[in-house]
Amino acid sequence: MAKQSKTAISPTREQDYPAWYQEVIKASDMAENSPVRGCMVIKPWGYAIWENIMQQMDVLFKETGVKNAYFPLFIPLSYLEKEAEHVEGFAKECAVVTHHRLEPDGKGGLKPAGELAEPLIVRPTSETIIGESMARWTTSYRDLPLLLNQWANVVRWEMRTRMFLRTSEFLWQEGHTAHATAREAKERTMQMLDVYTKFVQECLAMPVIRGRKTVAERFPGADDTTCIEAMMQDKRALQAGTSHFLGQNFAKSSEIKFQNEEGQEAYAWTTSWGTSTRMIGGIIMVHSDDDGLVLPPRIAPAHAVIMPILKKGDDNREVMESARGLKDVLEGKLYHGRKINIEIDDRDTGGARGWDWVKKGVPVRIELGPRDIEQNMVSVARRDQAVNEKQSINREEFISEFTNILDNIQDTLFNRAIAFRKENTFEIDDKKAFYKIYQKARGYKNGAFVMAHWCGSQDCESTIKDHLSVTIRCIPFDSPVEEGSCICCGNSSSRRVLFAKAY
RNA sequence: CGGGGCGUAGCGCAGCCUGGUAGCGCGCCUGCUUUGGGAGCAGGAUGUCGGAGGUUCGAAUCCUCUCGCCCCGACCA
């Protein structure tokens, strides 16, 4: 018997975390690199996760009154120029379209011709072009609030890319709202952060810390940026969603004005909020193990796979019929608002078949052979448990318990992630200890979330960033007011902030 | 964009230093055996050695350029 490595994925997380991450994506067949630099091809197994994210978040958005729309991929260069901070934030990473036609170059190839009068940028985000529409759609306070969202792709010409976490083109959702009052806009900012929190924690089983960005980490053009931050297994932080209060900055640059109840002309107050395919990178890094992807049942493309145990001979029909029967019964149910999806894999590849599904992260693996059928049992393995750990369950009992099993896996993953974060989050007041914890932070084994006091000065923030590549991920909403001294300069501070290395 | 590493079959790699147009493991195909499990035996298919130039009688191998990937840094809502 050819002995394989003990883990399905090599290297392991401990051996080489970034390489492990790439391997999980490859082994699960989620995505691959494309011929275009920095861009990825999302394969069906990966895209199905995104579809599930879209479907479930879309429902949550609509419950708050948001409507979907679609705005152009191309934005006139002059639009981006309207908001000064916004320009500064995005100019460096914009792709620019300068021509609209190709002609034979005389050497058998093609060359761009027909230069555009005004270059178009490929949207890195859509505040400016949506602002243009909002300005025209908003004349009276009765037109407000205007609550829009679009599901789209955006392009940011990144220097360094990683699949799902940072690619030159990525898929996201961007919400844009306009309101009559600052208070209402601020409430909307928080409301959408609540939606993100609920979705990420309940559906992706990723615990998050909610908070406010420092001025240095704010969205360009925002008055206030709030975020949810999650801990990956290498103890780095991943921003899983952001929601911005844009004040009147974009309203002024895009002329989003309306007549208020007193008949006076006023600028609207706007917000924007987004989440992206980056969340899939988060799912990978929060839950997966050295045997590959682990998917929370609520976003898994398939909830379970049935692997019929077939023998060469003529008695397989009964097994296949039994498998199909089980699939039909289970698929007649709903789980967390989504129709249950069961795969049947009847390939005759021996044990490799099971490992394929382990690597793909399917939550439940069901083996069904003649012996099971005879005894009216099914053999069940769960992705949140050891690979060889399987139990025989009465078929009817399994069917009636199936959604509970899925819930149980979902809860296990969430609780595990919470426990992991707790183990690796520290309150530190001593500067030496703070430096020590990050100076040795290389790879998977070290690093941490640190709650430490910060005086509020940008100098201290950037000093720490320079020394340790550690940044303030957020000022958590729930960090209590308490007296302390800044971890960097020692000046007085009234609350702790969250420090971590960031993705 | 700076420093480092790497591109050879679907995947993982050897061969390169010391040029003679490719090999191993896994996977894949066929047959037999096996079967609650990353199977065994036998046979088989698959590569313009990332790309373009150059040196040479001859280049995966040497030289130049180029594209891409990975890591560190810079940078990044």
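In what follows, every heavy atom counts, from backbone to side chain, and hydrogens, waters and symmetry copies are set aside. Labels below follow one simple rule: chain letters A, B, ... track the order of the sequence lines, proteins then strands, and each chain is numbered from 1. Keep in mind it's a predicted model, so treat the numbers as computed, not measured.
Considering only side-chain atoms of A/Arg166, the nucleotide from B/C76, B/G36, B/C71 that sits closest is B/C76. For A/Glu367, the listed nucleotide lying nearest its side chain is B/G37; candidates were B/G38, B/C69, B/G37. You'll find that the side chain of A/Arg37 is closest to B/G68, out of B/G36, B/C71, B/G68. Side chain of A/Ser469, nearest nucleotide from B/G73, B/C69, B/G38: B/G73. Among B/C76, B/G68, B/A74, the nucleotide with an atom closest to any side-chain atom of A/Lys465 is B/C76. Comparing atom distances between the A/Gln22 side chain and each of B/C70, B/A74, B/C76 picks out B/C70 as nearest.
Residue A/Gly38 is classed as a sugar-phosphate contact, given heavy-atom separations below 4.0 Å to backbone atoms only. Residue A/Ser272 is classed as having no contact, given no heavy-atom separation below 4.0 Å to the nucleic acid. Among the protein residues, A/Asp356 comes within range of no part of the nucleic acid, since none of its heavy atoms lies under 4.0 Å from any strand. Within the nucleic acid shown, A/Phe170 comes within 4.0 Å of at least one base atom, counting heavy atoms only. A/Gly89 comes within contact range of the sugar-phosphate backbone alone, with a heavy-atom separation under 4.0 Å but no base atom that close. Within the nucleic acid shown, A/Thr161 comes within 4.0 Å of sugar-phosphate atoms alone, with no base atom in reach, counting heavy atoms only.
Side-chain contact between A/Asp58 and A/Asn68 is present, with at least one heavy-atom pair separated by less than 4.5 Å. The closest side-chain heavy-atom distance from A/His179 to A/Arg188 is below 4.5 Å.
Across all strands shown, B/G68 pairs with B/C6; the Watson-Crick or G-U wobble distances both stay below 3.5 Å. Across the strands present, B/A59 finds no partner; the criterion is a Watson-Crick or G-U wobble pair with both atom distances under 3.5 angstrom. Taking a pair to require two hydrogen-bonding distances under 3.5 Å in either a Watson-Crick or a G-U wobble arrangement, B/G73 pairs with B/C1. Base pairing of B/G43 is made with B/C29, judged by Watson-Crick or G-U wobble geometry with both donor-acceptor distances under 3.5 Å. Pair assignment for B/U34: none, as no Watson-Crick or G-U wobble contacts are both less than 3.5 Å. For B/G12, the paired base is B/C24 (Watson-Crick or G-U wobble, both distances below 3.5 Å). Applying the Watson-Crick and G-U wobble criteria (two distances, each under 3.5 Å), B/U18 pairs with nothing in any strand.
Of the residues in residues 206-219 of chain A, A/Glu217, A/Arg218, A/Phe219 come within less than 4.0 Å of RNA chain B through at least one heavy atom, sorted by number.
The salt bridge (charged side-chain N to carboxylate O under 4.0 Å, His left out) search around A/Asp372 returns none, not counting sequence neighbours. For A/Asp384, the side-chain contact (heavy atoms from CB on, under 4.5 Å) partners are A/Arg382, A/Ile409, A/Thr412, A/Leu413, A/Arg416, not counting sequence neighbours.
As rounded to whole Å, 9 Å separates atom P of B/C71 from atom OH of A/Tyr503. The CZ atom of A/Arg347 sits 12 Å away from the P atom of B/G27 (whole-angstrom rounding). Rounded to whole Å, the distance from CD on A/Glu32 to C1' on B/C69 is 13 Å. Distance CD (A/Gln15) to C1' (B/C70): 17 Å, rounded to an integer number of Å. Taking atom NZ on A/Lys390 and atom P on B/G36, their separation rounds to 9 Å, with Å as the unit. Remark: P of B/C70 and CH2 of A/Trp20 are 16 Å apart, rounded to the nearest angstrom. When rounded to the nearest whole Å, the span between CE of A/Met159 and P of B/C75 equals 11 Å. Here the P atom of nucleotide B/G27 and the NZ atom of A/Lys359 are 11 Å apart, to the nearest Å.
By the 30° and 60° cut-offs, the orientation of the rings of A/Phe219 relative to A/His244 is parallel. Between A/Trp269 and A/Phe245, the ring-plane angle classifies as parallel under the 30° and 60° cut-offs.
At distances below 3.5 Å, not a single donor-acceptor pair connects side-chain atoms of A/Thr471 with backbone N or O atoms of A/Arg473.
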Please tabulate, for the side chains in residues 84-92 of chain A, all donor-acceptor contacts under 3.5 angstrom to protein atoms that are two or more places apart in sequence or on a different chain.
unit_1: A/Glu85; atom_1: OE1; unit_2: A/Gly221; atom_2: N; d: 3.4
unit_1: A/His86; atom_1: ND1; unit_2: A/Pro220; atom_2: O; d: 3.2

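Each of A/His244 and A/Ile373 was matched to the nucleotide of RNA chain B holding its nearest heavy atom; the match closer to the 5' end belongs to A/Ile373. Taking for each of A/Arg353 and A/Met163 the nucleotide of RNA chain B with the nearest heavy atom, the 5'-most of the two is the partner of A/Arg353.
The C1' atoms of B/G40 and B/C49 are separated by 33 Å, rounded to the nearest whole Å. The gap from the P atom of B/G43 to that of B/C24 amounts to 13 Å, rounded to the nearest Å. Here the separation of B/G5 from B/U48, taken at their P atoms, is 28 Å to the nearest Å. Comparing the C1' positions of B/U61 and B/C16 gives a spacing of 4 Å, expressed to the nearest Å. Distance check on atom C1': B/U46 versus B/C11 gives 14 Å, rounded to whole Å. Atom name C1', nucleotides B/G23 and B/U8: the rounded distance is 10 Å, in whole Å. Spacing of P atoms, B/G15 relative to B/C62, comes out at 12 Å, to the nearest Å. Taking atom C1' in both B/A45 and B/U30, one finds a spacing of 10 Å when rounded to whole Å.
With hydrogens and angles ignored, a donor-acceptor pair closer than 3.5 Å exists between the side chain of A/Arg371 and the base of B/G36.
Between A/Tyr21 and A/Tyr17, the ring centre distance reaches or exceeds 6.0 Å. For A/Trp50 and A/Trp151, the ring centers sit closer than 6.0 Å to each other. The aromatic ring centroids of A/Phe499 and A/Phe434 lie less than 6.0 Å from each other.
None of A/Arg236, A/Lys501, A/Lys213 except one satisfies the salt bridge (Lys or Arg N to Asp or Glu O under 4.0 Å) rule with A/Glu229; the exception is A/Lys213.
Salt bridge A/Arg210/A/Asp194: present, at least one basic N to carboxylate O contact under 4.0 Å. Ionic pairing of A/Arg353 and A/Asp346 is not present here: no N-O contact between side-chain nitrogen and carboxylate oxygen is shorter than 4.0 angstrom.
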Mind listing the N/O atom pairs, protein and nucleotides 8-14 of chain B, below 3.5 Å?
unit_1: B/G12; atom_1: OP1; unit_2: A/Lys26; atom_2: NZ; d: 2.9

Please enumerate all protein N or O atoms sitting under 3.5 Å from an N or O of nucleotides 29-35 of chain B, with distances to 0.1 Å.
unit_1: B/U35; atom_1: O2'; unit_2: A/Lys311; atom_2: NZ; d: 3.4
unit_1: B/U35; atom_1: O4; unit_2: A/Lys312; atom_2: N; d: 3.1

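Side-chain polar atoms of A/Arg395 and A/Ser322 form a donor-acceptor pair below 3.5 angstrom.
Minimum heavy-atom separation, A/Glu158 to A/Thr161: CB-CG2, 3.9 Å.
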